[in-house]
Amino acid sequence: MNWKVLRMLSGMESNGNLHETLRAADRAAAAPWVDYPPTPWWHYPCFGLWAAAMVVTYGAFHDHVVVFLPCYLALIALVGVYIVWQRRRRGVSPYGWPPREVRVVCGWYLAGYLVLYGIVVAVMVWSWACAAAVAFAASTAGLVWFEAGYARAVRRVRSRLG
Amino acid sequence: MSHHELDPVIHAPKRLAAMALLVHASSADFPFLRDHLGLSDSDLSKQMAELSRAGYVGVDKRGRGPGSTTTYRVTRAGRQAYAAHRAALEAILDGDVVPGPTEVS
């Protein structure tokens with residue numbers, strides 16, 4: 001070990017601030033997940049419309065590849081546009097595993113979405129228009145629920161990290 | 001665990017916090033880092049230049065003037081250095097190692 005590192009260590013320990021330094025690092029590590037601007041109100045119905053559009057595209061055009069494929073690709077491309085927009089708006093793209101409180105909410109949301117997917121597929125057998133309506137309503141409501149749960153998880157993360 | 005993993009470049013609290021943030025982001029822009037770390041523009045530039053010189057972060061500058069953006073991302077070397085430094089600090093907290101003059105080479 002060189003003298004520079006030894007000096008650094010002894011200074012750190014005499015100050016007794018190692019715990020606080022690591023805590024500040026933990027707060028910084030959580031920042032990409034917990035620091036975000038308020039979600040605009042139109043975000044929720046737009047997501048619902050996107051989900052409904054996916055269902056309509058499949059239900060109405062899956063037999064017409066010339067129409068189906070461009071529509072489907074356009075909807076997928078919209079996800080890319082959304083990700084880029086969010087990244088610019090927030091100034092950061094989270095990476096890796098979120099804090100455990102946030103992980104729980106994301107897990108429930110993912111599970112809920114898989115259930116919704118199953119319901120939409122089942123309804124689609126009967127009527128794709130009804131399936132689109134279910135997709136719109138459930139996706140919009142699901143996102144509202146997710147955002148509220150996420151905000152609560154963020155408050156718990158902030159409380160834990162001080 | 002040994003003190004050899006402590007990294008003087010990362011050890012400064014501002015740079016440690018910046019590295020902790022960047023390790024958990026695929027990229028972060030200048031205003032986000034400045035606002036979250038509570039640093040002035042000049043201080044953040046100085047800290048990030050130090051990390052960049054060490055090869056721990058990559059910098060991407062786009063445009064000029066008021067609309068320009070500066071984005072930072074952690075490099076593989078930076079990710080490894082942060083993990084090693086963090087582990088060394090935690091080992092000190094756990095009492096696994098005791099710094100002493102005998103370790104000076």
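Letters A, B, ... mirror the listed sequences (proteins, then strands); counts begin at 1.
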### Message
A side-chain contact here means heavy atoms from C-beta on lying under 4.5 Å apart; do A:V92 and B:H24 qualify?
### Response
no
### Task
Report, as yes or no, whether the 6.0 Å neighbourhood of atom OH on A:Y113 holds more than 12 heavy atoms from other residues, nucleotides or ligands.
yes
### Message
Is there a continuous path of hydrophobic side-chain contacts, each under 4.5 Å between heavy atoms, that joins A:Y36 to A:V144?
### Response
yes
### Query
Roughly how far, to the nearest 0.5 Å, is the CG atom of A:L18 from the CG atom of B:L93?
4.0 Å
### Query
For B:R79 and A:Y95, which heavy atoms make the closest approach, and how far apart are they?
NH1-CE2, 3.4 Å
### Query
Checking heavy atoms, do the side chain of A:R87, its backbone, both or neither come under 4.5 Å from chain B?
side chain
### Query
Tell me, side chain or backbone of B:T71 under 4.5 Å from chain A's heavy atoms, or both, or neither?
side chain
### Query
In terms of hydrophobic clustering (I, L, V, M, F, W, Y; side-chain heavy atoms under 4.5 Å; direct or indirect links), are A:W108 and A:L143 co-clustered?
yes
### Message
Tell me if the CH2 atom of A:W85 is crowded by more than 12 foreign heavy atoms within 6.0 Å.
### Response
yes
#### Entry: Smallest separation among heavy atoms of B:A17 and A:A28, with atom names
O-CB, 3.2 Å
### Query
Looking at A:P94, A:A31, A:S93, A:A24, which one has more heavy-atom pairs under 4.5 Å with chain B than the rest?
A:S93
### Query
Do A:I83 and A:Y44 belong to the same hydrophobic cluster, where Ile, Leu, Val, Met, Phe, Trp and Tyr are linked whenever their side-chain heavy atoms lie under 4.5 Å apart, directly or via other members?
yes
### Closest-packed option against chain A by number of heavy-atom pairs under 4.5 Å, given B:S26, B:P31, B:A28
B:S26
#### Entry: Any side-chain heavy-atom pair of B:D29 and A:R88 under 4.5 Å
no
### Query
How long is the gap from CG on B:D35 to CG on A:D35, to the nearest 0.5 Å?
9.5 Å
### Message
According to a hydrophobic-cluster definition based on side-chain heavy atoms being under 4.5 Å apart (Ile, Leu, Val, Met, Phe, Trp, Tyr only), do A:I76 and A:L78 belong together?
### Response
yes
### Message
Surrounding CH2 of A:W145 (heavy atoms of other residues, nucleotides or ligands, distance under 6.0 Å), is the total greater than 12?
### Response
yes
## Note on the structure
Smallest heavy-atom separation, B:F32 atom then A:G91 atom, equals CB-O, 3.6 Å
### Query
Looking at A:R27 and B:H36, what are the two nearest heavy atoms and their distance?
O-NE2, 3.6 Å
### Message
Please determine whether residues A:L75 and A:V79 belong to a single hydrophobic cluster, defined as Ile, Leu, Val, Met, Phe, Trp and Tyr linked transitively by side-chain heavy-atom distances below 4.5 Å.
### Response
yes
